[in-house]
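Reckoned from all heavy atoms, side chains included, excluding hydrogens, waters and symmetry mates. Residue numbers start at 1 and run along the sequence shown.
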Amino acid sequence: MTGEEFVRLCFEEKESILSEYCDPETESTVGAMVRELVRAGADQETLHKLLDLVLTENWYRMLLALDGSASLGGEQMTYEVRDEDGNILNECGELEAAAWEVFMENDD
């Protein structure tokens with residue numbers, strides 16, 4: 001697996017979580033709160049955009065932190081992210097570059 005593939009999987013997970021939160025049939029706690037807010041008059045599209053923005057920014061920041069280009073809990077250092085075969089996925093800022101492309105440039 002490459003760093004770019006890892007980032008794309010993270011993006012797919014973000015999209016899956018967002019879909020779950022916004023699904024009116026979900027049993028998640030966040031989904032229940034979204035339903036409650038919509039019943040109280042909140043705009044569902046605005047809530048969807050807000051959740052998407054929060055998830056995007058958090059996934060992006062976590063990926064940058066793993067790559068050493070952002071802090072994690074106030075500590076900034078480079079972590080080694082490896083696949084199950086022991087291959088390093090974040091050499092030379094690979095996660096940072098892929099995260100920008102996947103999470104920020106493809107922003108709808």
Do the side chains of [X] and [Y] join up, straight or via other hydrophobic residues, at under 4.5 Å, putting them in one cluster?
| X | Y | answer |
| --- | --- | --- |
| Y79 | L64 | yes |
| F6 | L9 | yes |
| L53 | M104 | no |

My understanding is that only residues two or more places apart in sequence, or in another chain, count here; which of them pass ring-ring contact (aromatic ring centres under 6.0 Å, His included) with Y21?
none
Which residues pass the side-chain hydrogen bond (donor to acceptor under 3.5 Å, both in side chains) test with D43, not counting sequence neighbours?
T46
Check: [Y] and [X] side chains under 4.5 Å, non-hydrogen atoms:
| X | Y | result |
| --- | --- | --- |
| D52 | K14 | yes |
| L95 | V81 | yes |
| E91 | I88 | yes |
| R82 | N87 | no |

Could you give me the CA-CA distance, side-chain angles and deciding distance for T2 and E94, then say whether side chain to side chain contact (heavy atoms under 4.5 Å, CB included) is met?
CA-CA 9 Å; T2 66; E94 188 174 355; 3.8 Å; yes
Once rounded to the nearest 0.5 Å, what's the spacing between atom [atom1] of [X] and atom [atom2] of [Y]?
| X | Y | atom1 | atom2 | value |
| --- | --- | --- | --- | --- |
| T78 | L66 | OG1 | CG | 10.0 Å |
| D23 | R35 | CG | CZ | 8.0 Å |
| L63 | E96 | CG | CD | 10.5 Å |
| L51 | S19 | CG | OG | 11.0 Å |

Assign the ring pair F11 / F103 to parallel, tilted or perpendicular, where the plane angle (0 to 90°) is split at 30° and 60°.
perpendicular
Holding to salt bridge (charged side-chain N to carboxylate O under 4.0 Å, His left out), I want the full list of residues that pass it with E4, two or more places apart in sequence or in another chain.
R8
[X] (side chain) donor-acceptor with [Y] (main chain) under 3.5 angstrom:
| X | Y | result |
| --- | --- | --- |
| S71 | G73 | no |
| Q76 | G68 | yes |
| D67 | S69 | no |

M33, CE: over 12 other non-hydrogen atoms inside 6.0 angstrom
no
For E5, does the CD atom sit with more than 12 other heavy atoms under 6.0 Å from it, leaving out its own atoms?
yes
If the threshold is 4.0 Å, N to carboxylate O, is there a salt bridge linking E45 and K49?
yes
